[in-house]
Amino acid sequence: MKTKRISKAERKKLDRFHEQRKAKLRKKYPEIHGKKLDYVTHSFEDNDGGGWLYINLYFTDGKNFSMDFSMNNPAIVPRCIEYGDMSMGDYENIRTYYYRGEKG
């Protein structure tokens, strides 16, 4: 079965949609847009069937973007998303995008 060719007008419309979507996503975490990525780390801690997933993006200027996810629920749930500075050796939080504390 052949797929239908996309017309020039439809291609232009799709391209515009994708550019608008990318522009919106770039605004979500503006501090990391355009930075040069140095390396990425991830780790998982398992405790009593649940656990935590940690993902860290390290940039060449010493900044760090970290995401922590709880695995205790039926789905992966974000718990903390932060942007900080590691250039002096100690972590210094610059911005917390999202924080969801434990219920209890």
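It should be emphasised that the depicted structure is a prediction, and the values quoted were computed from it without experimental measurement. Nothing fancy with the numbering, it's 1 onward along the sequence.
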Chemist: Hey, quick one: are I94 and Y91 part of the same hydrophobic cluster, counting side-chain heavy atoms closer than 4.5 Å, chains of contacts allowed?
Modeler: no
Chemist: Quick one: side-chain hydrogen bond (donor to acceptor under 3.5 Å, both in side chains) partners of Q20, sequence neighbours excluded?
Modeler: none
Chemist: If hydrophobic clusters are built from ILVMFWY residues whose side chains come within less than 4.5 Å, do M86 and L37 share one?
Modeler: no
Chemist: Does the distance from a Lys or Arg side-chain N to an Asp or Glu carboxylate O, for K22 and E19, drop under 4.0 Å?
Modeler: yes
Chemist: How long is the span from the OG atom in S66 to the OH atom in Y54, to the nearest 0.5 Å?
Modeler: 10.5 Å
Chemist: On a heavy-atom basis, which atom in P78 and which in F69 lie closest, and how many Å separate them?
Modeler: CA-CD2, 3.5 Å
Chemist: Compute the centroid of each ring, for Y97 and then for Y83, and state whether the two points are separated by less than 6.0 Å.
Modeler: no
Chemist: Mind checking the NE2-NZ spacing from H33 to K28? Nearest 0.5 Å is all I need.
Modeler: 15.5 Å
Chemist: Output yes when R95 and E31 qualify as a salt bridge under the 4.0 Å nitrogen-oxygen rule, no when they do not.
Modeler: yes
Chemist: Any idea which heavy atoms bring V40 and L57 closest together, and the distance?
Modeler: CG2-CD2, 3.6 Å
Chemist: Please find the pair of heavy atoms, one from F65 and one from F59, that lie closest to each other, and give the distance.
Modeler: CB-CE1, 3.9 Å
Chemist: Looking at CZ of R26 and CD1 of I32, how far apart are the two atoms once the value is rounded to the nearest 0.5 Å?
Modeler: 12.0 Å
Chemist: Any side-chain heavy-atom pair from V77 and R100 closer than 4.5 angstrom?
Modeler: yes
Chemist: Calculate, to the nearest 0.5 Å, the distance between atoms OH and CE belonging to Y98 and M67 respectively.
Modeler: 14.0 Å
Chemist: Walk me through it: do L14 and I6 pass the test side-chain contact (heavy atoms from CB on, under 4.5 Å)?
Modeler: CA-CA 10 Å; L14 287 170; I6 298 174; 4.2 Å; yes
Chemist: Let me confirm one number: the CD1-CD1 distance from I81 to I55, rounded to the nearest 0.5 Å.
Modeler: 9.5 Å
Chemist: Which atom pair, heavy atoms only, marks the closest approach of M71 to I76?
Modeler: SD-CG1, 3.5 Å
Chemist: Parallel, tilted or perpendicular: which fits the ring planes of Y39 and Y58, with parallel below 30° and perpendicular above 60°?
Modeler: parallel
Chemist: Looking at K35, I want to see if its NZ is surrounded by more than 12 non-hydrogen atoms of other residues, nucleotides or ligands under 6.0 Å.
Modeler: yes
Chemist: Going from CG on D85 to CD on E92, what distance comes out if it is rounded to the nearest 0.5 angstrom?
Modeler: 6.0 Å
